[in-house]
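See below for the structure under consideration.
Throughout, protein chains are lettered first and strands after them, A, B, ... in sequence-line order, and every chain is numbered starting at 1. Worth knowing before you read on, the calculation uses all heavy atoms, side chains too, and leaves out hydrogens, waters and symmetry mates.
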Protein chains: 2
Amino acid sequence: MRGHRSEANVSGKLFGNGERRRAEDRRVRRTRRLLREALVALILEKGYDKVTVQDVLDRADLGRATFYAHFRDKDDLLVSGFEELQESLREHLARVARPSRADVDPSGGGIGLAGALFDHAGQQRRLYRVLMGRRGGAAVFKHARGQFTVLVREHLEEAVANRQAAPPVPLEVTVQYVVSAFLGLLTWWLDSDPPYTGEQMGRMFEQLVIPGVRAGLGPRL
Amino acid sequence: MRGHRSEANVSGKLFGNGERRRAEDRRVRRTRRLLREALVALILEKGYDKVTVQDVLDRADLGRATFYAHFRDKDDLLVSGFEELQESLREHLARVARPSRADVDPSGGGIGLAGALFDHAGQQRRLYRVLMGRRGGAAVFKHARGQFTVLVREHLEEAVANRQAAPPVPLEVTVQYVVSAFLGLLTWWLDSDPPYTGEQMGRMFEQLVIPGVRAGLGPRL
DNA sequence: GTAAAAGCGAACAGACTGTTCGGAAATTCT
DNA sequence: AGAATTTCCGAACAGTCTGTTCGCTTTTAC
């Protein structure tokens with residue numbers, strides 16, 4: 001019952017004995033799992049804002065002190081779920097997505113980056129809905145948006161790296177455009193549950209957004 | 001001290017005596033103005049979520065009971081500011097925007113719809129930041145998004161009214177795309193304060209988004 | 001000037017937060 | 001299996017915020 005999540009795994013890659021990625025005390029795993037499950041269920045029922053720590057406690061059937069032994073507050077608990085998802089996404093992308101610049105130049109072998117993301121979201125729909133949907137917590141959404149913005153910015157910077165003229169639209173504006181369009185379509189898809197597959201959403205996203213990106217970045221060299 | 005805002009102005013277009021839009025009790029005006037000003041200032045300082053009714057009361061220097069005589073809760077107060085802004089926007093649009101379909105066919109006399117919106121936001125920057133920016137309240141943002149979605153949907157439905165073939169991308173997807181891109185650029189512009197005028201932002205928005213809309217709606221007839 | 005409306009301020013019950021404690025229970029290590 | 005450690009429990013706590021009530025005072029409209 002030492003500290004909070006922030007302290008966990010400080011040791012990095014070194015572990016005490018033979019077993020890699022040493023499992024924590026079973027009670028700890030159990031408690032955290034129960035808390036996360038309770039939170040997710042409650043968010044889907046009432047929306048993040050209306051869920052209190054008290055609700056989570058009651059649902060998970062755990063003591064108050066126990067919660068604060070593991071998480072600083074409600075946000076902290078939600079973020080822990082987000083980090084888990086991030087790991088899963090990383091693996092998914094490595095498996096299905098085309099190597100690079102997929103969102104600017106959709107001609108490679110795998111599906112595009114956007115498609116891969118929609119795909120992953122479709123598989124983990126429940127969790128995505130909680131983290132990214134309208135019922136979810138704004139804090140995590142902002143966090144995710146930030147990460148995603150960095151990703152897109154890198155892609156587009158690479159795309160205009162060796163041009164001479166400045167693009168017709170400032171790069172940052174185009175970045176914001178892409179991110180907004182993507183997240184907007186994603187959350188709409190998650191929340192209103194239309195009959196399109198993740199792959200279809202990815203294709204539609206590309207049809208809509210890529211022409212604008214081309215226009216924003218300027219003539220290809 | 002009867003009821004809340006919801007009851008106000010029920011009479012619609014009929015007023016008791018000669019004066020149109022009869023002014024309310026001066027104390028009422030004063031109180032509401034003080035509350036709104038306090039809320040706006042506090043949101044810009046701390047962000048909507050962290051502002052409590054108590055804060056607003058202290059800042060406005062009003063009694064607790066007085067607040068609840070006018071507004072149901074914090075959200076209600078914020079929404080009242082939103083409605084005020086909406087009125088102002090309506091007038092602004094009537095004055096500067098091109099008549100219709102401005103976002104699909106940017107060739108008319110005035111500036112485009114998007115440009116007009118950016119323009120208005122630039123003039124009322126402070127209030128817009130509070131209502132639409134990241135520090136603002138999610139509830140109002142959702143509300144605004146809803147209204148704006150209806151507007152865009154109508155425009156696009158009109159644009160595809162007499163086609164025979166279905167568009168390559170379902171209309172609703174295109175609608176969500178346009179709304180997301182617009183609101184994304186708007187909030188970014190409001191929050192991070194880049195050196196572009198509202199008119200410039202409107203033009204950039206059109207450069208980025210219109211190609212996608214054309215692709216999404218399909219070949220023009 | 002009078003009557004009606006609005007503001008005041010104090011007090012209230014209810015909910016939630018985040019922290020503390022010692023004792024009870026589970027788990028790990030040997 | 002037994003000892004040492006870690007975690008959980010549960011109750012209680014001070015503190016904050018909400019939304020409502022009440023009788024009294026002030027301001028306003030007519």
Side-chain angles (χ1 to χ4, degrees), chain A residues 1-9 15-19 21-36 38-39 42-43 46-78 137 139, chain B residues 1-9 15-19 21-39 42-43 46-78 80 137 139:
Chain A
M1 213 191 254
R2 289 183 314 275
H4 287 153
R5 280 180 36 261
S6 25
E7 286 187 30
N9 229 10
F15 296 92
N17 43 18
E19 204 177 2
R21 187 85 175 162
R22 176 134 200 65
E24 280 167 305
D25 193 311
R26 175 196 287 163
R27 288 167 297 178
V28 174
R29 280 197 310 262
R30 190 186 97 103
T31 298
R32 295 193 175 175
R33 178 176 50 78
L34 287 174
L35 286 174
R36 250 176 267 159
L39 180 64
L42 286 166
I43 290 177
K46 316 166 48 168
Y48 183 73
D49 294 342
K50 304 213 164 155
V51 176
T52 71
V53 173
Q54 195 65 56
D55 290 334
V56 178
L57 263 32
D58 294 347
R59 178 69 61 100
D61 198 20
L62 289 171
R64 183 161 199 73
T66 306
F67 178 94
Y68 288 102
H70 290 278
F71 301 99
R72 205 178 313 106
D73 51 27
K74 205 174 51 154
D75 269 7
D76 196 27
L77 172 55
L78 186 60
Chain B
M1 214 191 256
R2 288 183 316 276
H4 288 153
R5 281 182 35 263
S6 25
E7 286 187 29
N9 229 9
F15 296 93
N17 43 19
E19 203 176 1
R21 189 83 175 163
R22 178 134 200 65
E24 280 168 305
D25 193 310
R26 175 196 288 163
R27 288 168 298 178
V28 174
R29 279 198 310 265
R30 189 187 98 103
T31 297
R32 296 193 174 174
R33 177 175 51 77
L34 287 174
L35 286 173
R36 249 176 267 159
E37 285 173 1
L39 180 63
L42 286 166
I43 289 177
K46 317 169 43 170
Y48 182 73
D49 294 342
K50 305 212 164 158
V51 176
T52 70
V53 173
Q54 196 63 57
D55 290 335
V56 178
L57 262 33
D58 294 346
R59 178 69 62 101
D61 199 19
L62 289 172
R64 183 161 199 73
T66 307
F67 178 95
Y68 288 102
H70 289 279
F71 300 99
R72 203 178 315 103
D73 50 27
K74 205 175 52 156
D75 269 8
D76 196 27
L77 172 56
L78 187 60
S80 85

Practice task
Calculate the interatomic distance between Lys74(B) atom NZ and dT16(D) atom P; express it in whole Å.
Solution key: 18 Å
Fill in the blank from the handout: From NE2 of His70(B) across to C1' of dG19(D) the rounded distance in Å is 16 Å
Fill in the blank from the handout: Of Val53(B) and Leu62(A), the one whose nearest nucleotide on DNA chain D sits closer to the 5' end is Leu62(A)
Practice task
Just jot down the salt bridge (Lys or Arg N to Asp or Glu O under 4.0 Å) partners of Lys50(B), sequence neighbours excluded, or say none.
Solution key: none
Problem - Protein-nucleotide distance (Arg33(B), atom CZ; dG7(C), atom P), rounded to Å - result: 12 Å
Practice task
Considering just the side-chain nitrogens and oxygens of Tyr68(A), establish if one lies under 4.0 Å of OP1 or OP2 belonging to dT19(C).
Solution key: no
Completion exercise
note: Leu57(B), atom CG; dA10(C), atom P; distance rounded to Å ~ 13 Å
Practice task
Please determine if a side-chain N or O atom of Thr52(B) lies less than 4.0 Å away from the OP1 or OP2 oxygen of dT16(D).
Solution key: no
Handout entry: Counterpart residues, salt bridge (Lys or Arg N to Asp or Glu O under 4.0 Å), relative to Arg27(A) (two or more places apart)
Key = Asp25(A)
Exercise for the section: Please name all residues satisfying side-chain hydrogen bond (donor to acceptor under 3.5 Å, both in side chains) with Arg59(A), sequence neighbours left out, ordered by chain then number. Expected result: Glu45(A)
Practice task
Applying side-chain hydrogen bond (donor to acceptor under 3.5 Å, both in side chains), name anything that partners Asp75(A), two or more places apart in sequence or on another chain.
Solution key: Tyr48(A)
Problem - Donor-acceptor pair under 3.5 Å, Arg64(B) side chain vs dG19(D) base - result: yes
Heteroatom pairs (N/O) under 3.5 angstrom, protein to nucleotides 22-28 of chain D:
from: dT27(D); atom 1: O2; to: Arg27(B); atom 2: NH1; distance (Å): 2.7
from: dT27(D); atom 1: O2; to: Arg27(B); atom 2: NH2; distance (Å): 3.3
from: dT28(D); atom 1: OP1; to: Arg26(B); atom 2: NH1; distance (Å): 3.4

Exercise for the section: Could you check which of dT17(C), dG19(D), dC8(D) has an atom nearest any side-chain atom of Asp73(B)? Expected result: dG19(D)
Exercise for the section: Under the salt bridge (Lys or Arg N to Asp or Glu O under 4.0 Å) rule, collect the residues that match up with Arg64(B), sequence neighbours excluded. Expected result: none
